[in-house]
2 protein chains.
Amino acid sequence: MSNTSHSEENYLKAIFHLGSEGTQAVSTNAIARNIKTQPSSVTDMMQRLSEKGLVNYRKYKGVSLTDLGRDTALSIIRKHRLWEVFLVEKLHFSWDEVHDVAEQLEHIKSEKLVDLLDEHLGFPQYDPHGDSIPDKDGNYPSRDKQLLSQLPENAQGLCIGVKDSSASFLKYLDRNKISLGDKIKLLEREDFDNSLLVLVGERKLRLSQQIAANLYLKLL
Amino acid sequence: MSNTSHSEENYLKAIFHLGSEGTQAVSTNAIARNIKTQPSSVTDMMQRLSEKGLVNYRKYKGVSLTDLGRDTALSIIRKHRLWEVFLVEKLHFSWDEVHDVAEQLEHIKSEKLVDLLDEHLGFPQYDPHGDSIPDKDGNYPSRDKQLLSQLPENAQGLCIGVKDSSASFLKYLDRNKISLGDKIKLLEREDFDNSLLVLVGERKLRLSQQIAANLYLKLL
DNA sequence: ACATATTTTTAGATTTGTCTAAATTTATTT
DNA sequence: AAATAAATTTAGACAAATCTAAAAATATGT
Ligand SMILES: [Mn+2]
Ligand SMILES: [Mn+2]
Ligand SMILES: [Mn+2]
Ligand SMILES: [Mn+2]
């Protein structure tokens with residue numbers, strides 16, 4: 001396999017996430033913003049990743065992942081999400097605490113470790129935030145899901161994921177007792193501010209547009 | 001806490017191990033040999049670690065750990081050994097496969113992770129090679145153990161650790177079905193080559209001096 | 001004690017990954 | 001189609017970690 005550094009792996013992941021799974025070209029500035037670095041550093045790195053055959057880079061035109069780059073990115077994402085499952089299921093971290101630790105663990109290099117971890121966890125398909133976990137060949141299920149904010153009135157579904165997985169959003173959900181797996185029904189939309197009146201299980205709640213735009217539902 | 005790099009941590013660990021738990025001064029060359037680097041790189045690093053207050057360094061006189069350096073080294077060793085236990089107990093790695101992965105895992109920075117891992121493993125006192133695991137304050141049990149090679153005839157004890165934990169030695173032990181916890185009795189020593197005739201459980205075995213010099217026993 | 005060998009340090013170079021400031025290219029307005 | 005703005009790249013610098021070769025300090029042997 002390719003011999004990628006910690007830093008190179010972070011760039012590959014960013015390109016994957018920014019360019020709808022790596023296929024689309026991504027701009028220098030978008031990457032810089034994503035990994036909190038300067039555009040000039042991104043350009044440097046893109047030239048190096050291009051040398052290594054991990055990205056397709058055309059000056060001023062943005063980058064996309066090569067097949068090799070995509071495989072590498074998926075293997076990092078696989079590790080990230082498996083470690084998140086481990087932290088929540090086995091060590092009882094809460095879902096808002098796992099990301100930063102997983103950012104470190106995802107760079108550990110040992111195929112055996114990843115595969116045994118996967119087995120130890122019972123080959124989970126989704127991480128604690130509802131994101132799907134690629135298998136060892138890089139395949140992952142894509143399920144159809146919709147943002148709560150985009151549903152028509154009276155639609156209902158199961159909450160299966162979050163779009164924003166920042167600690168502050170996750171803690172908001174905890175405080176309001178909204179968890180993955182909950183049944184949510186859209187009762188009515190307030191035209192003025194686009195806030196929603198919803199039924200979470202048995203409870204009536206009012207959710208702002210911002211909240212609703214970050215909750216994924218699987219329609220029932 | 002101190003903000004140590006991956007590389008700095010490896011140097012601190014080396015100094016700890018080479019200078020009987022960090023208290024004694026260690027030579028530049030010994031460190032270089034231990035971490036497979038050049039003596040000039042060691043000198044450079046010692047000057048940097050000294051700046052950071054992690055080691056006591058006197059030109060040409062060797063180096064020892066400060067209290068802060070010792071604490072840091074112990075925290076890395078704690079993590080290394082806890083991860084080794086995890087890999088063996090939970091993921092079913094064999095004891096000769098864990099070291100290299102633990103060398104990576106020991107650098108993950110999250111106090112919460114380490115403490116929850118410790119709890120998850122049931123606060124183990126020893127790693128798979130019989131080395132003791134420091135607790136969160138850096139305390140660890142020291143038990144009296146003796147090398148099999150140094151026992152008098154007819155002495156017997158429990159095998160509680162290995163001095164050399166290289167994969168090749170550990171695999172030799174596996175092939176010969178010698179494990180930690182086995183009862184070993186020294187039947188006779190051959191004067192010519194210092195090899196030993198021993199009883200491992202019920203089995204009679206002849207062990208070379210080299211093997212015997214790497215097995216720790218607790219006398220019965 | 002003096003010559004020789006060994007150990008350790010310094011000097012200078014290299015790689016990786018980052019930065020700021022300036023130059024260049026591409027996009028947007030008027 | 002210029003002029004202006006925004007995005008991107010280049011140039012040059014820097015810190016961390018490493019190396020090789022040369023110089024300096026320490027240890028050893030006669
Ligand atoms: Mn995450
Ligand atoms: Mn996640
Ligand atoms: Mn080890
Ligand atoms: Mn060990």
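- Under 4.0 angstrom from either OP1 or OP2 of D/dA6 there lies no side-chain N or O belonging to A/Asn29.
- A salt bridge links B/Asp115 with B/Arg78: at least one charged nitrogen is closer than 4.0 Å to a carboxylate oxygen.
- Taking side-chain N and O atoms only, A/Tyr57 has a distance below 4.0 Å to OP1 or OP2 of D/dT9.
- Using a 4.5 Å cut-off on side-chain heavy atoms (C-beta onward), B/Leu117 and B/Trp83 make contact.
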I'd like to compare against my own output: the B/S/- annotation of nucleotides 22-28 of chain D with a strict under-4.0 Å heavy-atom distance to protein. ---SS--
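- Across its full length, the helix from C/dA1-D/dT30 to C/dT30-D/dA1 shows an angle of 0° between the axes of its 5 terminal pairs at either end, rounded to 10 degrees.
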For a quick test of your reading: what N or O donor-acceptor pairs under 3.5 Å do the side chains of residues 84-97 of chain B make, sequence neighbours left out?
{"from": "B/Glu84", "atom 1": "OE1", "to": "B/His129", "atom 2": "ND1", "distance (Å)": "3.2"}
{"from": "B/Glu84", "atom 1": "OE2", "to": "B/His80", "atom 2": "NE2", "distance (Å)": "2.8"}
{"from": "B/Ser94", "atom 1": "OG", "to": "B/Asp96", "atom 2": "OD1", "distance (Å)": "2.9"}
{"from": "B/Ser94", "atom 1": "OG", "to": "B/Glu97", "atom 2": "OE1", "distance (Å)": "3.1"}
{"from": "B/Trp95", "atom 1": "NE1", "to": "B/Asp174", "atom 2": "OD1", "distance (Å)": "3.2"}
{"from": "B/Trp95", "atom 1": "NE1", "to": "B/Asp174", "atom 2": "OD2", "distance (Å)": "3.4"}
{"from": "B/Glu97", "atom 1": "OE1", "to": "A/Lys112", "atom 2": "NZ", "distance (Å)": "3.3"}
{"from": "B/Glu97", "atom 1": "OE1", "to": "B/Ser94", "atom 2": "N", "distance (Å)": "2.9"}
{"from": "B/Glu97", "atom 1": "OE2", "to": "A/Lys112", "atom 2": "NZ", "distance (Å)": "2.8"}

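- In this structure, A/Asn34 atom CG and D/dA7 atom P are separated by 16 Å, rounded to whole Å.
- Between D/dA17 and B/Ser5, a contact under 4.0 Å exists linking OP1 or OP2 to a side-chain N or O.
- Rounded to whole Å, the distance from CG on A/Asn3 to P on C/dT16 is 11 Å.
- Of the residues in residues 37-50 of chain A, those with a non-hydrogen atom less than 4.0 angstrom from any atom of DNA chain D are A/Pro39, A/Ser40, A/Thr43, A/Gln47.
- Put simply, the side chain of B/Gln146 never gets that close to the backbone of B/Leu219: no donor and acceptor are under 3.5 Å apart.
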Please output the side-chain donor-acceptor pairs of residues 52-68 of chain B that fall under 3.5 Å, not counting sequence neighbours, one pair per line with the distance.
{"from": "B/Lys52", "atom 1": "NZ", "to": "B/Asn3", "atom 2": "O", "distance (Å)": "3.2"}
{"from": "B/Lys52", "atom 1": "NZ", "to": "B/Glu8", "atom 2": "OE1", "distance (Å)": "3.1"}
{"from": "B/Lys52", "atom 1": "NZ", "to": "B/Glu8", "atom 2": "OE2", "distance (Å)": "3.2"}
{"from": "B/Asn56", "atom 1": "OD1", "to": "B/Ser64", "atom 2": "OG", "distance (Å)": "3.4"}
{"from": "B/Thr66", "atom 1": "OG1", "to": "B/Gly53", "atom 2": "O", "distance (Å)": "2.8"}
{"from": "B/Thr66", "atom 1": "OG1", "to": "B/Leu54", "atom 2": "O", "distance (Å)": "3.1"}
{"from": "B/Thr66", "atom 1": "OG1", "to": "B/Leu68", "atom 2": "N", "distance (Å)": "3.4"}
{"from": "B/Thr66", "atom 1": "OG1", "to": "B/Gly69", "atom 2": "N", "distance (Å)": "3.0"}

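- Put simply, OG on B/Ser165 and CG on B/Asp127 are 7.5 Å apart, with the number rounded to the nearest 0.5 Å.
- A side-chain donor-acceptor contact under 3.5 Å links A/Ser132 to the backbone of A/Pro141.
- For A/Ser166 and A/Asp164, the side-chain atoms include at least one donor-acceptor pair closer than 3.5 Å.
- Atom CD1 in B/Ile31 sits roughly 9 Å away from atom P in C/dT8 (whole-Å rounding).
- Counting non-hydrogen atoms of other residues, nucleotides and ligands closer than 6.0 Å to CG of B/Asn139 gives a total above 12.
- Separating the CG atom in B/Leu82 from the CG atom in B/Leu116 is a distance of 11.5 Å, to the nearest 0.5 Å.
- Residues passing the side chain to side chain donor-acceptor pair (under 3.5 Å) test with B/Asp193, sequence neighbours excluded: B/Ser195.
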